[in-house]
There are 2 protein chains.
Amino acid sequence: MSKNCNFIEKLREVGLRPTKQRVKMCEVLYNREKTFHFTINDLVKLLSERMNQKISLATVYNTVHAFEKKGYLKEISIDSHKSYFDTNTSAHHHFFDEDTHELIDCDESDIDKINIRKNISGKKINSVEVLVRVASDNQTQK
Amino acid sequence: MSKNCNFIEKLREVGLRPTKQRVKMCEVLYNREKTFHFTINDLVKLLSERMNQKISLATVYNTVHAFEKKGYLKEISIDSHKSYFDTNTSAHHHFFDEDTHELIDCDESDIDKINIRKNISGKKINSVEVLVRVASDNQTQK
DNA sequence: ATCTACATTATAATAATTCTAAACTATTGA
DNA sequence: TCAATAGTTTAGAATTATTATAATGTAGAT
């Protein structure tokens, strides 16, 4: 979903009813210059800030999962006790800032193509993801 | 900790009291040919199978974290709602079988060295990890 | 043997997420 | 247009993984 598009139409196209909650979530998620990385908690906060009527937590979960299933959000594994999502659903890698807990996209020029020599019989590769953890230079090494 | 070593001595060396719970956990974790990948739940099950007296859940958590802090276990980020640990603490990459939820170590020859061109100012790289998700060849693509 | 600091334990607390079932609403088609 | 219905939202309960608490137990030193 590119920015400033008609979210009502887009939602209908992919078979999701354009409820006001979903349209609002589209605006918050996709009306941006850059891709957006967030946890459910981040999103709930953002939504409650930008709305007069709040969206229930269950709906935020439902909708995030619905968007993920349709391929408009991607879950990123970083932390074992919180889910991070990314509005950039293309295959790409990440930096994770361990000080601020921020995710940063890598673009293609940042990391050479990963060459995998091993083959697991009967299995196909679904995805290859690199996570580069970074932290402040001038503090005790993790 | 290599296999068949004296865990009591090893524990003392790194400043951990060799309690019977810790020694038992060492045996279960490190008396193996291959490296071991597990969730806390896997480990609790294994321990209760192999012991007459069961180790409490809190102790399993405490001990796993103690071993991790000492550098004898490494946490792997795969799944956002469960922690996976690895007895292989060297820098290495993984395959994750999405059918069986099994982790498989990559060795150095499996994946070329990752070359990172991007630099985040004021930050140093703590780790670089590749996760290759695989799944059965003959089923609906994820 | 006794002391003390560290460990273990059961249980309570917390946090993230999912489930449930009732109320609500977008769409369909009479 | 409006009722039927299928999909959605919601609050709150339930679940799951994990951490905290505080009482009891134990290893190692004196």
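Letters go in sequence order (proteins before strands), and every chain restarts at 1. All figures in this text were calculated on a predicted structure; none of them were measured in a lab.
Distance A:Phe85 CZ to C:dA16 C1': 11 Å, rounded to the nearest Å. In this structure, A:Leu16 atom CG and D:dG7 atom P are separated by 12 Å, rounded to whole Å. As a whole-Å value, the separation of A:Asn62 CG from D:dA6 C1' is 16 Å. Between A:Phe38 atom CZ and C:dT17 atom C1' there is a gap of 15 Å when expressed in whole angstrom units. Rounded to whole Å, atom P of D:dT8 lies 13 Å from atom CE of A:Met25. Going from atom CD of B:Gln53 over to atom C1' of C:dT9 covers 10 Å, rounded to whole Å. One atom, CD of B:Gln21, and another, C1' of D:dT24, lie 13 Å apart when rounded to the nearest Å. When the P atom of D:dT10 is taken as reference, atom CD1 of A:Ile55 falls 7 Å away, rounded to whole Å.
Between B:Phe38 and B:Phe36, the ring planes lie parallel to each other; the angle is under 30°, not in the 30° to 60° tilted range. Classification of the A:Tyr30-A:Phe7 ring pair by plane angle, with boundaries at 30° and 60°, yields tilted.
Comparing B:Lys20 and A:Pro18 by the nucleotide of DNA chain C that holds the closest heavy atom to each, the one mapping nearer the 5' end is B:Lys20. Judged by closest nucleotide on DNA chain D, B:Lys82 is the one of B:Arg17 and B:Lys82 placed further toward the 5' end.
Within the structure, every side-chain polar atom (N or O) of B:Tyr61 is placed at least 4.0 Å from both OP1 and OP2 of D:dT19. Under 4.0 angstrom from either OP1 or OP2 of D:dT9 there lies at least one side-chain N or O belonging to A:Thr19. An OP1 or OP2 oxygen of C:dT27 is reached within less than 4.0 angstrom by a side-chain nitrogen or oxygen of A:Arg12. Between B:Arg22 and C:dT8, a side-chain N or O to OP1/OP2 separation shorter than 4.0 Å is present. Here A:His65 does not reach the OP1 or OP2 of C:dT17: none of its side-chain N or O atoms lies under 4.0 Å away.
At a threshold of 4.0 Å, the pair B:Asp112-A:Arg117 counts as salt-bridged, since one of the basic side-chain nitrogens sits closer than that to a carboxylate oxygen.
Distance from the side chain of B:Ala58 is smallest for C:dT11 among the nucleotides C:dT11, D:dT9, C:dT17.
Using a 4.0 Å heavy-atom distance criterion, A:Thr59 is classed as a base contact. Nucleic acid contact for A:Ser83: sugar-phosphate only, since backbone atoms but no base atoms lie under 4.0 Å from a heavy atom of the residue. Base contact: B:Leu57 has a heavy atom under 4.0 Å from a base atom. The residue B:Asn41 sits apart from the nucleic acid: no heavy atom pair falls under 4.0 Å.
With no hydrogens or angles considered, no side-chain donor-acceptor pair links B:Asp107 and B:His93 at under 3.5 Å. Using modelled atom types, one finds a donor on one side chain and an acceptor on the other under 3.5 Å when comparing B:Asp42 with B:Thr39.
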